[in-house]
Amino acid sequence: MSIDKSQSSGLRDQIVSQISRLIFEGLMPSGLKLASCRVLARDLDVSINTVVAAYRKLEEEQLIEARPRSGYFVCSDRGIRTDSDAIGRSNTRPATSISQKLNKLRRTEEIETIPRPIDWYKYAYPFVCNQIDDGVFPVADWRECTRLAMNRKDLKIWSADGLYDDSLELVEQVRQRILPRRGIFEPSESILITLGSQNGLFITSLLFGGRERTAVMEDPGYPDARKILQANFGKVSFQPVDEEGLIVDERLRGADLVFITPNRQHPTTVTLSERRRRALLQAAEDYDFYIVEDDYECDVDYRHSPLLPLRSLDDTDRLIYLGSLSKGLSPGLRLGYLAAAPEFIDAARDCRGMMMRHPPMILQHTAAAFIRLGYYDGLLRRVRQNYEQRWHLADSMIRERLPSFLRAGEFGGTVFVLADPDEKLEAKTICDAALRRGVIVEPIGPCFSKAAEGKHHFRVGVSSIQPGLIPQGIELLSNIVTELQGT
């Protein structure tokens, strides 16, 4: 056993965790005598009271017992299997492998997503995208809202099976506080809570999809959306993007569903122009298709007057609007919302219910309190200020240190897309070399329908890196590029 005093979990809990693990792995069999409190405290360099508290907790869990004048002994055989080797697995294989039984139309493993080290936060210069700066997250405020949500009076509400329903309070907060900021005014029956925008897109594509159906998405575009659409539609077409956003033309004819990120196009960050927005809505009427609008950065956009979403302009109910609390609050909480015609929400609620009933009620109640008490608005103000500061820092350094690199990155966002203008250095070469020096930048080849067209492009995100590290990180990245160019 070993104790790590730098861990967030307490010393008592570490002792309990390690002893219980050893018991359940069969390494401490029933009847084994444990070290005395004094001996274990000395060996682990903790107080005797800490060990006494740990042993009492293990007693409560009926894993050990105290015997008068004898000490503490392991007393539980529950869940322990020491004969696993004797049982073993049969060596006979099924005549047909499981992969041959899977629906090939639903499999999308061949579609790559943007790579990122799982421990990205440990690197010196993490220019990753769509992550938050944990130093800005209001831990105390969120903890207070959790305490309010978990009160005894509401226990039956958040601990019970809510069937297919959502937290009425969170729906009201989204309806009254979140959507009106984007010019969207919906009744409660037009709102569904999701586990993030991606969950909303999957539900939508499952309802619209089919072997004979066609989906259209931006090119380049969000690779996870491509996976979802390909899994649910017989055909996925790709519509190019230019400086005005998605090109609207005859190629949209025959589409059943069009997926778009108009406010902040992924990954180019271009904003769909007002002219194109009107044209897309008219095309939806002319060609009889529906539109899924992912407004993924709406809450943290720090432009003074960003364009309103398509949903605010739509009077035909052809828009399914996806929003998220991930960019402002935290991506790990997986909370989002979907706004659409009530009849679509009914179908989407039933579809979601078959998958998972509803997002956890305690999470919904906590988020509702966080918004209701004004904590979310205060957080967004701080986040927008931080993002604007970081954008200007990164923009200045990129212009100074990487002036020849083609770049995209509209004011108001958190991402810059760069590419070698001579098309000699591939993005993967740059990203791999940078990673070895502690700098994380991400190749975006998976965003392109034809990988070769995106092999020179990579992105630099500034949402999670400390502002003081941005100049040093981009200077180091510039030096790495210069070294690669020389070789």
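Numbers for residues simply follow the sequence, beginning at 1.
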Show me the donor-acceptor pairs within less than 3.5 Å that the side chains of residues 355-363 make with the rest of the protein, sequence neighbours left out.
residue, atom, partner, partner atom, Å
R357, NH1, D161, OD2, 3.4
H358, NE2, G162, N, 3.0

So, E297 versus T414: side-chain donor-acceptor pair below 3.5 Å or not? yes
Charged N-O contact under 4.0 Å between R278 and E274: yes
Looking at [X] and [Y], would you say the former's side chain and the latter's main chain have a donor-acceptor pair under 3.5 Å?
{"X": "D219", "Y": "S449", "value": "yes"}
{"X": "E293", "Y": "R311", "value": "yes"}
{"X": "Q364", "Y": "L170", "value": "no"}
{"X": "R177", "Y": "I371", "value": "yes"}
{"X": "H457", "Y": "G445", "value": "no"}
{"X": "Y337", "Y": "L322", "value": "no"}

Can you confirm whether E112 is buried at CD, in the sense that more than 12 heavy atoms of other residues, nucleotides or ligands lie under 6.0 Å from that atom?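 No, the 6.0 Å shell around CD holds no more than 12 heavy atoms from other groups.
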Crowded around I98 CD1? As in, over 12 foreign heavy atoms under 6.0 Å?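 Open: at most 12 neighbouring heavy atoms sit under 6.0 Å from CD1 of I98.
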Among V460, I474, I480, which residue meets the side chain to side chain contact (heavy atoms under 4.5 Å, CB included) test with V441?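 Result for side chain to side chain contact (heavy atoms under 4.5 Å, CB included) with V441: V460.
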Applying side chain to side chain donor-acceptor pair (under 3.5 Å) as the test, list every pair that has at least one member in [range]; sequence neighbours left out.
{"range": "residues 429-440", "result": "K428-D432, R437-E483"}
{"range": "residues 394-410", "result": "T271-E410, D395-R399, D395-R407, R401-N479"}
{"range": "residues 125-136", "result": "Y125-Q472, D133-R390, D133-Q466"}

Who are the salt bridge (charged side-chain N to carboxylate O under 4.0 Å, His left out) partners of K227, not counting sequence neighbours?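 Partners of K227 by the salt bridge (charged side-chain N to carboxylate O under 4.0 Å, His left out) criterion come out as none, since no residue qualifies.
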I'd like to check the salt bridge (charged side-chain N to carboxylate O under 4.0 Å, His left out) partners of R277; sequence neighbours left out, ordered by chain and number. none
Output a table of donor-acceptor pairs, distance under 3.5 Å, between side-chain atoms of residues 313-320 and any protein atom two or more places apart or on a different chain; print 'none' if there are none.
residue, atom, partner, partner atom, Å
D314, OD1, T316, N, 3.0
D314, OD1, T316, OG1, 2.7
D314, OD2, D317, N, 2.9
D314, OD2, R318, N, 3.0
D314, OD2, L319, N, 3.4
R318, NE, E285, OE2, 2.6
R318, NH1, D288, OD1, 3.2
R318, NH1, F289, O, 3.0
R318, NH2, D288, OD1, 3.0

Between R12 and T50, what is the shortest heavy-atom contact and its length?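 So the two residues come closest at N-CG2, 3.7 Å.
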What are the two closest heavy atoms between G245 and R276, and how far apart are they?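 Taking every non-hydrogen atom into account, O-NH1, 3.2 Å.
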Residue pair K327 / R264, side-chain heavy-atom distance below 4.5 Å: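 Counting from C-beta outward, K327 and R264 never come under 4.5 Å.
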Under the rule for side chain to side chain donor-acceptor pair (under 3.5 Å), what residues qualify as partners of [X], not counting sequence neighbours?
{"X": "E442", "result": "R116, R459"}
{"X": "S326", "result": "S324"}
{"X": "N232", "result": "R106, S205"}
{"X": "Q239", "result": "D249"}

Does the ring center of W142 lie less than 6.0 Å from the ring center of Y375? no
Under 3.5 Å donor-acceptor pairs involving side-chain atoms of residues 206-216, not counting sequence neighbours:
residue, atom, partner, partner atom, Å
R213, NH1, F208, O, 2.7

